[in-house]
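Beneath this line is the structure, given in structure tokens, with notes to follow.
Reckoned from all heavy atoms, side chains included, excluding hydrogens, waters and symmetry mates.
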Amino acid sequence: MRPTWHQYFMEMAFLAATRSTCLRRKVGAIIVQNNQVLATGYNGAPKRVRHCKDTGCLRSKLQVPSGERHELCRGVHAEQNAIIQAAINGTSIKNADLYCTNQPCVICSKMLINAEINNIYIAEAYPDKLAEQMLAEAGIGVYLLDRKTAKTDKLI
């Protein structure tokens, strides 16, 4: 059966996540406009920097709980890498949509707000109340997308 556009782009986000070098959570992101992929990203160490599989997970070493102290990590988030890829290639992502395997954290949410993303489609929720508040205030819709049925439930 032919996938819907939502299913198609979310599956691409999951495929991007397979490139992740993070030891704790593999995340993929796709930025789309008019059913065209503008940029992709996955989480992991910056270019020319050793991966966590080589150095060990800093967050695990410091016993940082999930959802806290995002700056204590060697990795760049999938959403950030997608935004960076668009910028490097000179591609505007204004009014585009983001498909991501996980709900963005507050840091990524602030970047997505300023990048003027329209909607965010996620496969899994992530407990970050400040991110949710800021996205709601900015008028960005966040939708939980069921990969099998393509049904979307508005979270924000």
Y99 ring center near H6 ring center (under 6.0 Å):
yes
Would you mind reporting whether L145 and D153 have side-chain heavy atoms less than 4.5 Å apart?
no
Under a 3.5 Å distance rule, please check whether R24 uses its side chain to pair with a backbone N or O of C57 as donor and acceptor.
no
Set out, in order, the CA-CA distance, both residues' side-chain angles and the distance that settles side-chain contact (heavy atoms from CB on, under 4.5 Å) for Y42 and H77, then state yes or no.
CA-CA 7 Å; Y42 54 86; H77 289 188; over 6 Å; no
Out of curiosity, I117 CD1 to E79 CD, how far, rounded to the nearest 0.5 Å?
10.5 Å
Rounded distance (nearest 0.5 Å) linking atom CD1 of I30 with atom CZ of F14:
11.0 Å
Polar side-chain atom of T152 near backbone of L144 as donor-acceptor pair, under 3.5 Å:
no
Consider only side-chain heavy atoms of I, L, V, M, F, W and Y, link residues closer than 4.5 Å, and tell whether I31 and L135 are in one cluster.
yes
More than 12 heavy atoms from other groups under 6.0 Å of CD on Q63:
no
Side chain to side chain, I140 and I113, heavy atoms closer than 4.5 Å:
yes
Between R59 (side chain) and E68 (backbone), is there a donor-acceptor pair under 3.5 Å?
yes
Heavy-atom pair of closest approach, residues C52 and L23:
O-CD1, 3.5 Å
Residues D146 and K148: closest non-hydrogen pair is OD1-N, 2.8 Å
Would you say D54's side chain and R50's backbone share a donor-acceptor pair under 3.5 angstrom?
no
Does N95 offer a backbone N or O that forms a donor-acceptor pair with the side chain of N118 under 3.5 Å?
yes
Applying the 4.5 Å side-chain criterion to the ILVMFWY set and letting contacts propagate, would M134 and I120 be lumped into a single cluster?
yes
Looking at A96 and L38, what are the two nearest heavy atoms and their distance?
CB-CD1, 4.0 Å
All side-chain hydrogen bond (donor to acceptor under 3.5 Å, both in side chains) counterparts of T91, not counting sequence neighbours
none
Please tell me whether M12 and I93 are part of a single hydrophobic cluster in this structure, the criterion being side-chain heavy atoms less than 4.5 Å apart.
no
Any chain of hydrophobic side-chain contacts (each under 4.5 Å) joining M111 to L98?
yes
Looking only at heavy atoms, what is the nearest atom pair of A17 and V27, with distance?
CB-C, 3.6 Å
Heavy atoms of K94 and Q33 approach each other most closely as O-NE2, 2.7 Å
d(K26 NZ, T18 OG1) to nearest 0.5 Å is 9.0 Å
Evaluate the side-chain contact (heavy atoms from CB on, under 4.5 Å) criterion for residues N89 and Q85: first the C-alpha distance (whole Å), next the side-chain angles of each, then the deciding distance (0.1 Å), finally the verdict.
CA-CA 6 Å; N89 292 321; Q85 183 186 77; 3.6 Å; yes
Validation row: Q103, S109 side chains within 4.5 angstrom (heavy atoms)
no
Pairwise side-chain contact, R25 with N102, heavy-atom cut-off 4.5 Å (strictly under)
yes
Are any non-hydrogen side-chain atoms of I122 and Y143 less than 4.5 angstrom apart?
no
Sub-4.5 Å side-chain heavy-atom contact between T55 and R74
yes
The criterion is side-chain hydrogen bond (donor to acceptor under 3.5 Å, both in side chains); which residues satisfy it with E11, sequence neighbours excluded?
R147
Mutual orientation of the aromatic rings belonging to F9 and W5 [parallel < 30°, tilted 30-60°, perpendicular > 60°]
parallel
Side-chain heavy atoms nearer than 4.5 Å, only ILVMFWY residues, links allowed to pass through others: does that put I107 and L130 together?
yes
Flag the pair P104 / Y126 as yes when at least one side-chain heavy-atom distance between them is below 4.5 Å, and no otherwise.
no
Looking only at non-hydrogen atoms, find the nearest pair between C73 and L58 and report the distance.
N-CD2, 4.1 Å
I156 side, atom CD1; N119 side, atom CG - distance, nearest 0.5 Å:
11.5 Å
